[in-house]
Undergrad: 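Here it is: the structure, laid out below.
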Amino acid sequence: MASHFSFLALSVLSLCFLLTAMAAAPRKPVDVPFQNNYAPSWAIDHIKHFNGGREIQLYLDKSSGTGFQSRGSYLFGHFSMQIKMVASDSAGTVTAFYLSSQNAEHDEIDFEFLGNRTGQPYILQTNVFTGGKGDREQRIYLWFDPSKAYHAYSVLWNMHQIVFFVDDVPIRVFKNSKDIGVRYPFNQPMKIYSSLWNADDWATRGGLEKTNWAYAPFVASYRGFHVDGCEASEHAAFCATQGLRWWDQTEFRDLDAAQYRRLQWVRQKFTIYNYCSDRKRYPSMSPECGRDRDI
Ligand SMILES: *[C@@H]1O[C@H](CO)[C@@H](O)[C@H](O)[C@H]1NC(C)=O
C-alpha cells in the first residue's frame, strides 16, 4: 500500500515537473553542430564543415548550388539559424531559409535573400503558403549588410501566429485568421530547409542583373543550428495538444507593444513590396490583410 502511494506521488510529481518544463520560457538559441539537426539535401560536395560542424559553408558555382534539411519534421516551435550571406557581387544568387511540409497542398514559411551587385542592397523576400497557396510576398531591405557578419533569422510558429524575426526584430506576422476563412498551417509537420542557388532569371532587379561567374564560387556561411520544436514523427498526437509548450503561452500568442513598434519601424522604413497593397496583381485584397491593418 505504502509503496503504491509513493509511486503515485512520484508520478504526479514528475508529471508536474514535465508540464512546468514544457511551459518554461524559450531557451536562448544555442550553437549546435550542423549534424545534430540537419543533413545535406543535394550536392553534398558543395558543403564544407568547420569546427566540428558548428559552422558550415554552402558553395555555388556554375555546376551546382547546394542545400540541406532538418532530420526531423516539426509541428510548431521556434527555429533559428545564423547566416552570413554571399559577399561582394552576389547578384543573381538566392539564399533561402524556409520551413515546408512535404505534400501537394503544402504549407511553407519562407525567407529568401536576393543578392545584388557589390555595394547594392540585398532584398529579403518572405512568403507564407497555406494548403498549397502562396502569393503572399513581402519584400524589405535590411538595416545592415547581411554579408558582413552573422545575423540570426528565425521563425516562431504556434496556433496563434507565425512571426518572422531578423535578430530580435519581428519583420512580419501572419496571424491565424481561420475565423475569417484563411487557412492556417496547423496540422502538417514541416521540415526546415536552407539552400543557395542561381536564380538570375528573376532575383536581382527582376532578372536584369545576371550572375557573374567570374566571382564563383559564391559562399554563404551558417552557424547556430537551433531547433526547438515539437518533433512530429514521435509525438504526432502530442504535438496537436495545444497549450503545453513555451511557444503556446500567452506572451507568444501576440507581439507585445515594443515588438509592434519595431514591426511598424520595418514597415515604414524598409518595406519595398507588400502583396496586401498590390492592387494590380490582386484586385481584391486577401482577407488576412485587413487584419494586418489593425497593427
Ligand atoms: C539591387 O540594387 C538595385 C539598385 O540599387 C535595387 O533597385 C534593387 O532593389 C536591389 N536588390 C535586388 C535584389 O534587386
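Reckoned from all heavy atoms, side chains included, excluding hydrogens, waters and symmetry mates. Indexing begins at 1, ligand by ligand and atom by atom, following the structure's order.
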Undergrad: So which heavy atom in the protein is nearest atom 14 (O) of ligand 1, and how far is it from that ligand atom?
TA: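 Going by distance alone, atom 14 (O) of ligand 1 is nearest to R205 N, 2.8 Å.
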Undergrad: Which residue and atom name correspond to the protein heavy atom nearest atom 11 (N) of ligand 1, and how close is it?
TA: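 I find the closest protein heavy atom is N116 ND2, 2.6 Å.
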Undergrad: Identify, for atom 4 (C) of ligand 1, the protein heavy atom at the shortest distance, and state residue, atom and that distance.
TA: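 The answer is Q120 OE1, 3.1 Å.
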Undergrad: For ligand 1, is there an N or O atom under 3.5 Å from any N or O atom of T204?
TA: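 No; the residue has no nitrogen or oxygen that sits under 3.5 Å from a nitrogen or oxygen of the ligand.
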Undergrad: For the pair R281 (side chain) and Y275 (backbone), establish whether a donor and an acceptor sit closer than 3.5 Å, ignoring hydrogens and angles.
TA: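 No, because the side chain of R281 does not come within donor-acceptor range (under 3.5 Å) of the backbone of Y275.
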Undergrad: Which atoms from ligand 1 have a heavy atom of G115 less than 4.0 Å away?
TA: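 That gives atoms 13 (C) of ligand 1.
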Undergrad: Evaluate the side-chain proximity of F129 to D107: yes if any heavy-atom separation is below 4.5 Å, no if none is.
TA: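 Answer no - side chains too far apart.
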Undergrad: Pick whichever of Y122, Y141, F113 has a heavy atom sitting closest to atom 8 (C) of ligand 1.
TA: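 It is Y141 that holds the nearest heavy atom.
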Undergrad: Find all atoms of ligand 1 within a distance of less than 4.0 Å from any non-hydrogen atom belonging to I123, and give their numbers and elements.
TA: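 So the atoms of ligand 1 that pass are 9 (O), 11 (N), 12 (C), 13 (C).
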Undergrad: Decide if the gap between the ring center of F79 and the ring center of H226 is smaller than 6.0 angstrom.
TA: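 F79 vs H226: aromatic centres not under 6.0 Å.
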Undergrad: Tell me yes or no: between the side chains of D61 and H46, is some donor less than 3.5 Å from an acceptor?
TA: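 A donor-acceptor contact under 3.5 Å links the two side chains.
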Undergrad: Which of the numbered atoms in ligand 1 are under 4.0 angstrom from any heavy atom belonging to L114?
TA: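 By the 4.0 Å cutoff, the relevant atoms are 13 (C).
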Undergrad: Can you find a heavy atom in the side chain of L142 that is under 4.5 Å from one in the side chain of P121?
TA: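 A side-chain contact is absent here, since even the closest heavy-atom pair is not under 4.5 Å.
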Undergrad: Establish, yes or no, whether the cationic atom of K84 lies under 6.0 Å from the six-membered ring centre of Y150 and within 45° of the ring axis.
TA: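 Geometry flag: set, cation within 6.0 Å and 45°.
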Undergrad: If the cut-off is 4.0 Å to any non-hydrogen atom of A203, which atoms of ligand 1 fall inside it?
TA: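 Listed by number with element: 13 (C).
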Undergrad: Any donor-acceptor pair under 3.5 Å linking the side-chain atoms of S194 with those of Y222?
TA: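 Yes.
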